[in-house]
Amino acid sequence: MATRSSRPRRRNQVLSRQQIVATALELLDTGGEGTLTVRALTERLATGSGAIYYQVGTRDELLDAVTEEVVTGALSAGPDGGATTPGDEVRRVALALFDAITEHPWLATRLTLQLVRNPVGPVTVEIFERIGRQMGSLGVPRGSWFDAASTLVHYILGAISQNARTDADTPGIEPEREEFFGAAATAWQELDPEEYPFMHAVVGQMSRHDDREQFLTGIAIVLDGLAGLSRPGGTAG
């Protein structure tokens, strides 16, 4: 008796939105945005495209849903250690996002797009609320709250994006960290020391710096600047 060619078996049960989001996250973490297609999802979930569109909508809406899932989880957990001061809370939120993007490199671009395209979306609102509610306790004048919170958020996302490999669809193109900084250090050392004294002075620091510690140093610098807004002569809105 002839046998039928093997085909992926369709699910009998109805797929949930959470199942689709979880599978999309697996695809993104495996190969970046290029691997997240409706076809890949339907094959992985053994379902039709209609079920995908019904539960989550378009591909962009699915990417937004996965971004929200990851960011919400990261902010809920965050690094170990409870926040005790407003500055500690800012650092906790910042490190939660830093660690999330380190784990999910594709997230850097999607998170920036969320804040730019959807200022009323849950991701944007949650990040700004977590950072912004610390402004009063930090002594920032109320008229400067928006500018101060925006400065912190922009620094956090900008620094994270620079450290992350945002082009996750082209694995293997970026050099290894030690190779990259080794080549940069060699090039800096070959510069004229009289014309570039600063570059020569910090070349050793550059080649052995820790990205996470450097990120926290930047947070401290911004927080110190915000504290200056409450002092006489500080700029208030």
Side-chain angles (χ1 to χ4, degrees), residues 1-79 92-132 153-154 156-158 160-174:
M1 179 181 294
T3 59
R4 296 182 180 180
S5 59
S6 60
R7 293 182 178 179
R9 297 186 62 182
R10 294 292 180 89
R11 292 175 181 265
N12 292 322
Q13 74 272 25
V14 176
L15 281 173
S16 69
R17 177 184 174 88
Q18 186 60 36
Q19 286 175 298
I20 296 172
V21 169
T23 302
L25 176 58
E26 292 176 3
L27 290 170
L28 287 165
D29 284 346
T30 299
E33 286 194 30
T35 61
L36 182 60
T37 64
V38 174
R39 180 177 181 179
L41 274 175
T42 56
E43 290 179 353
R44 181 72 66 91
L45 293 167
T47 188
S49 59
I52 306 295
Y53 290 118
Y54 176 77
Q55 290 288 356
V56 296
T58 66
R59 181 176 181 274
D60 276 342
E61 289 173 322
L62 174 57
L63 283 164
D64 287 347
V66 180
T67 299
E68 180 183 346
E69 179 79 8
V70 173
V71 171
T72 300
L75 292 179
S76 297
R92 193 189 73 80
V93 172
L95 284 176
L97 295 174
F98 184 96
D99 292 341
I101 290 177
T102 299
E103 184 178 356
H104 311 283
W106 57 269
L107 182 61
T109 298
R110 299 308 310 184
L111 186 54
T112 300
L113 287 174
Q114 278 267 354
L115 268 69
V116 171
R117 296 185 317 179
N118 194 6
V120 297
V123 170
T124 304
V125 169
E126 185 69 14
I127 292 174
F128 264 92
E129 179 62 27
R130 293 289 189 95
I131 296 295
V153 171
H154 291 160
I156 290 168
L157 295 183
I160 291 174
S161 296
Q162 183 175 346
N163 286 324
R165 187 164 81 179
T166 56
D167 191 9
D169 295 324
T170 54
I173 288 180
E174 294 188 356

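Here, residue 1 is the first one in the sequence, and each next residue gets the next number.
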Exercise. Test side chain to side chain contact (heavy atoms under 4.5 Å, CB included) on Leu41 and Leu62 and set out the steps.
Key: CA-CA 11 Å; Leu41 274 175; Leu62 174 57; 3.3 Å; yes
Quiz item: Arg110 and Asp60: side chain to side chain contact (heavy atoms under 4.5 Å, CB included), yes or no, with the steps?
Solution: CA-CA 10 Å; Arg110 299 308 310 184; Asp60 276 342; 4.0 Å; yes
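Between Val56 and Glu61 the shortest side-chain heavy-atom distance does not fall below 4.5 Å. In this structure, Trp106 and Val66 have side chains that are in contact, with non-hydrogen atoms separated by less than 4.5 Å. Residues Leu36 and Arg59 have side chains in contact (heavy-atom distance under 4.5 Å, counting atoms from C-beta outward). Between Asp64 and Asn118 there is no side-chain heavy-atom pair separated by less than 4.5 Å. Here the side chains of Ile156 and Ile127 are not in contact, with every heavy-atom distance at 4.5 Å or above. Between Tyr54 and Leu15 there is no side-chain heavy-atom pair separated by less than 4.5 Å. At a threshold of 4.5 Å between non-hydrogen side-chain atoms, the residues Ile52 and Leu45 count as touching.
Remark: Ala40 pairs with Leu27, Thr37 by the side-chain contact (heavy atoms from CB on, under 4.5 Å) rule, at least two apart or across chains.
Shown here for Ser161 and Thr112, the closest heavy-atom pair between the two residues is OG-OG1, 3.9 Å. A pairwise comparison of heavy atoms in Arg17 and Ala65 identifies NH2-CB, 3.4 Å as the closest pair. Nearest approach of Ser49 to Val38, heavy atoms of both residues: CB-CG1, 3.7 Å.
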Output side-chain donor-acceptor pairs under 3.5 Å for residues 67-75, partner residues at least two apart or in another chain, one line each.
residue : atom : partner : partner atom : Å
Thr67   : OG1  : Leu63   : O            : 2.8
Glu69   : OE2  : Gln18   : NE2          : 3.3
Thr72   : OG1  : Glu68   : O            : 2.7

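Summarising the geometry, atom OG1 belonging to Thr23 is positioned 11.0 Å from atom CG belonging to Leu28; distances are rounded to the nearest 0.5 Å. Rounding to the nearest 0.5 angstrom, the gap separating the CG atom in Asp99 from the NE2 atom in His104 is 10.5 Å. In this structure, CG in Leu107 is found 11.0 Å from CG in Leu113, a value given to the nearest 0.5 Å. One distance of note links CZ of Arg130 with CG of Leu97; it measures 9.5 Å at 0.5 Å rounding.
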